[in-house]
Q: 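This is the structure I want to talk about, given as structure tokens.
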Amino acid sequence: MDTMTFDGSCNPNPGGCMGMGWVVTLHDSSFSILGNDRHEKSDYNNALFAEYLALKKGMLEYVRADGQGPLKVLGDSQTVIYQMRGIYAVMDDEIKGVYREIRALIKEHELDIYFQWIPRAQNHKADKLSKTKNKISLVYPNSRTCIADVGSVKISKKLKAKISELNSCKTPTSLMFRKLHPASEDVFSETQFHELQQIAGVHATNMVLREFPGVSRKNKHYQAEALRWMLRGLAVDLAIEKVRSDILKKDNRNKNNKNAEQKGNKQARNARSKYYFNVNHHL
């Protein structure tokens, strides 16, 4: 069963800035689609209205991701959940408009849907998204931007196939990014950053500078790697995600190595302590 969680916030309530967050997870995917939005201060803003907008936007995201149902919708607003289940009546005219839009969406797409209330502690992802100021942008295959045609670049056929698969995938997994690497050096492997900038263009360069800011050697490496993947034909948003995936993989490896080293040092200290204890005991 597909699942969706949603949450809304208003600070201060009422009349403050509204935040909406949602998490959509398709049953056949290990990847969740995260989304959020914000509305500036208004006298009409309130927490319940934000909850309904979050639910509506999450439902639209689900339909856009080709969700077919059955769908379980989870939220920590008992009022919204019970109103959507028909237990409570919807009294507010503005909320009633959003309520009808959600009902129309369910009917139009013939969704088998179930609404369930959950405690706030179990809704932490959507809650965090609703309070995140920076908007998360979602990019689908039909709206992705590529600065190079993967069919024309001089890379191996195997790498071309993997890049094409990623470019056409709605929800790429971390495993797909980990498996993406050149089997051998290609024309872009040794190309310097200033040359990559000239080939990729101003827009792509500005994107990687914004995503990996800084002038350190490490950050320059990340910037260059993102441009290399773009020039191999990987979509702009996926090239950035690929570099982020590599950074996370490296950080996890370093953390595991550090933990193993600390464990080894502890075992060595324990062995020395045991040795000295035995020696002193015999003396």
Side-chain angles (χ1 to χ4, degrees), residues 1-10 13-14 17-40 42 44-120 122-132 135-144 168-172:
M1 181 179 285
D2 301 334
T3 60
M4 187 191 88
T5 59
F6 70 96
D7 203 4
S9 64
C10 184
N13 185 36
C17 292
M18 290 195 303
M20 293 74 74
W22 56 90
V23 180
V24 175
T25 306
L26 303 180
H27 74 278
D28 58 352
S29 174
S30 60
F31 185 91
S32 293
I33 303 170
L34 311 180
N36 67 340
D37 201 359
R38 284 179 66 80
H39 286 191
E40 294 305 316
S42 169
Y44 299 101
N45 290 356
N46 61 71
L48 185 60
F49 190 32
E51 292 274 1
Y52 262 100
L53 288 176
L55 173 58
K56 175 189 170 183
K57 290 174 181 289
M59 291 292 299
L60 288 169
E61 203 66 65
Y62 178 72
V63 170
R64 189 181 179 192
D66 293 332
Q68 304 294 321
L71 171 66
K72 182 186 287 187
V73 177
L74 309 168
D76 59 36
S77 171
Q78 192 175 75
T79 301
V80 174
I81 295 298
Y82 282 13
Q83 285 177 340
M84 292 306 302
R85 290 174 63 176
I87 299 172
Y88 292 170
V90 181
M91 307 302 293
D92 184 275
D93 288 338
E94 196 163 8
I95 288 176
K96 193 177 290 185
V98 183
Y99 170 86
R100 287 170 177 165
E101 289 175 355
I102 296 169
R103 280 292 173 201
L105 190 66
I106 295 170
K107 184 178 180 180
E108 179 186 351
H109 295 274
E110 299 179 342
L111 294 177
D112 178 10
I113 190 167
Y114 176 74
F115 292 92
Q116 179 180 329
W117 176 83
I118 56 173
R120 182 171 295 178
Q122 296 179 22
N123 200 27
H124 61 279
K125 284 186 179 179
D127 175 67
K128 185 176 181 180
L129 285 165
S130 73
K131 296 170 183 174
T132 301
K135 188 174 179 180
I136 295 174
S137 60
L138 298 172
V139 183
Y140 285 81
N142 58 359
S143 58
R144 285 192 173 124
S168 61
C169 183
K170 285 182 296 215
T171 55

Q: Give, for atom OG1 of T3 and atom CD of Q116, the distance between the pair rounded to the nearest 0.5 Å.
A: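 Between atom OG1 of T3 and atom CD of Q116 there are 11.0 Å.
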Q: Rounded to the nearest 0.5 Å, how far does CG of D127 lie from OG1 of T5?
A: 10.0 Å
Q: What are the two closest heavy atoms between M18 and C10, and how far apart are they?
A: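 Shortest heavy-atom separation between M18 and C10 comes out as CG-SG, 4.0 Å.
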Q: Minimum heavy-atom separation for A50 and G19, please, with both atom names.
A: CB-O, 3.9 Å
Q: State the OH-NE2 distance between Y44 and H39, to the nearest 0.5 angstrom.
A: 15.5 Å
Q: In Å and rounded to the nearest 0.5 Å, what is the CE to CD1 distance from M1 to I113?
A: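 Between M1 CE and I113 CD1, I get 10.0 Å after rounding to 0.5 Å.
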Q: S9: what forms a side chain to side chain contact (heavy atoms under 4.5 Å, CB included) with it, not counting sequence neighbours?
A: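 Expected list: S130, K131.
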Q: Who pairs with K96 by side chain to side chain contact (heavy atoms under 4.5 Å, CB included), at least two apart in sequence or on another chain?
A: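 Listed in chain order: V90, D93, R100.
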Q: Indicate the atoms forming the closest heavy-atom contact of C17 with R38, along with that distance.
A: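 Looking at all heavy atoms of both residues, the shortest contact is CB-NH2, 3.5 Å.
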Q: Taking C-beta and beyond as the side chain, do Y62 and L111 meet within less than 4.5 Å on heavy atoms?
A: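 Y62 vs L111: side chains touch.
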Q: Looking at residues at least two apart in the chain, or sitting in another chain, which of them share a ring-ring contact (aromatic ring centres under 6.0 Å, His included) with Y114?
A: none
Q: Let me confirm one number: the CD1-CD1 distance from I81 to I87, rounded to the nearest 0.5 Å.
A: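 So the gap between those two atoms works out to 10.0 Å.
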Q: Working to the nearest 0.5 angstrom, can you tell me the gap between D112 CG and D2 CG?
A: 10.5 Å
Q: Out of the candidates Y88, W117, F115, only one should pair with Y82 under the ring pair (Phe, Tyr, Trp, His ring centres under 6.0 Å) rule; please name it.
A: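 That would be Y88; it is the only one of Y88, W117, F115 passing the ring pair (Phe, Tyr, Trp, His ring centres under 6.0 Å) with Y82.
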Q: Show me the donor-acceptor pairs, under 3.5 Å and distance only, between side chains in residues 68-78 and residues at least two apart or in other chains.
A:
{"unit_1": "Q68", "atom_1": "NE2", "unit_2": "D66", "atom_2": "O", "d": "3.1"}
{"unit_1": "D76", "atom_1": "OD2", "unit_2": "N123", "atom_2": "ND2", "d": "3.1"}
{"unit_1": "S77", "atom_1": "OG", "unit_2": "V80", "atom_2": "N", "d": "3.3"}

Q: Which side-chain N or O atoms in residues 51-60 pair as donor and acceptor under 3.5 Å with protein atoms at least two apart or in another chain?
A:
{"unit_1": "E51", "atom_1": "OE1", "unit_2": "G8", "atom_2": "N", "d": "3.4"}
{"unit_1": "Y52", "atom_1": "OH", "unit_2": "Q83", "atom_2": "OE1", "d": "2.5"}
{"unit_1": "K56", "atom_1": "NZ", "unit_2": "E101", "atom_2": "OE1", "d": "2.6"}
{"unit_1": "K57", "atom_1": "NZ", "unit_2": "D37", "atom_2": "OD2", "d": "3.0"}

Q: Not counting sequence neighbours, which residues clear side chain to side chain contact (heavy atoms under 4.5 Å, CB included) with H124? List them please.
A: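 Once residues adjacent in sequence are excluded, H124 has no partner under the side chain to side chain contact (heavy atoms under 4.5 Å, CB included) criterion.
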Q: Is the side chain of N45 donor-acceptor paired with the backbone N or O of E40 at a distance under 3.5 Å, no angle test?
A: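 Yes, N45 side chain to E40 backbone: donor-acceptor pair under 3.5 Å.
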Q: Does R85, at its CZ atom, have more than 12 non-hydrogen atoms belonging to other residues, nucleotides or ligands within less than 6.0 Å?
A: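 Atom CZ in R85 is crowded, with more than 12 foreign heavy atoms closer than 6.0 Å.
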Q: Closer than 3.5 angstrom, by distance alone: can the side chain of N13 be matched with the main-chain N or O of A47 as a donor-acceptor pair?
A: yes
Q: Which atoms form the tightest heavy-atom contact between I95 and D92, and what is the distance?
A: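 Nearest heavy atoms, I95 then D92: N-OD1, 3.0 Å.
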Q: Are V23 and L129 close enough that some pair of their side-chain heavy atoms sits under 4.5 Å apart?
A: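 Heavy-atom side-chain distance check passes, below 4.5 Å.
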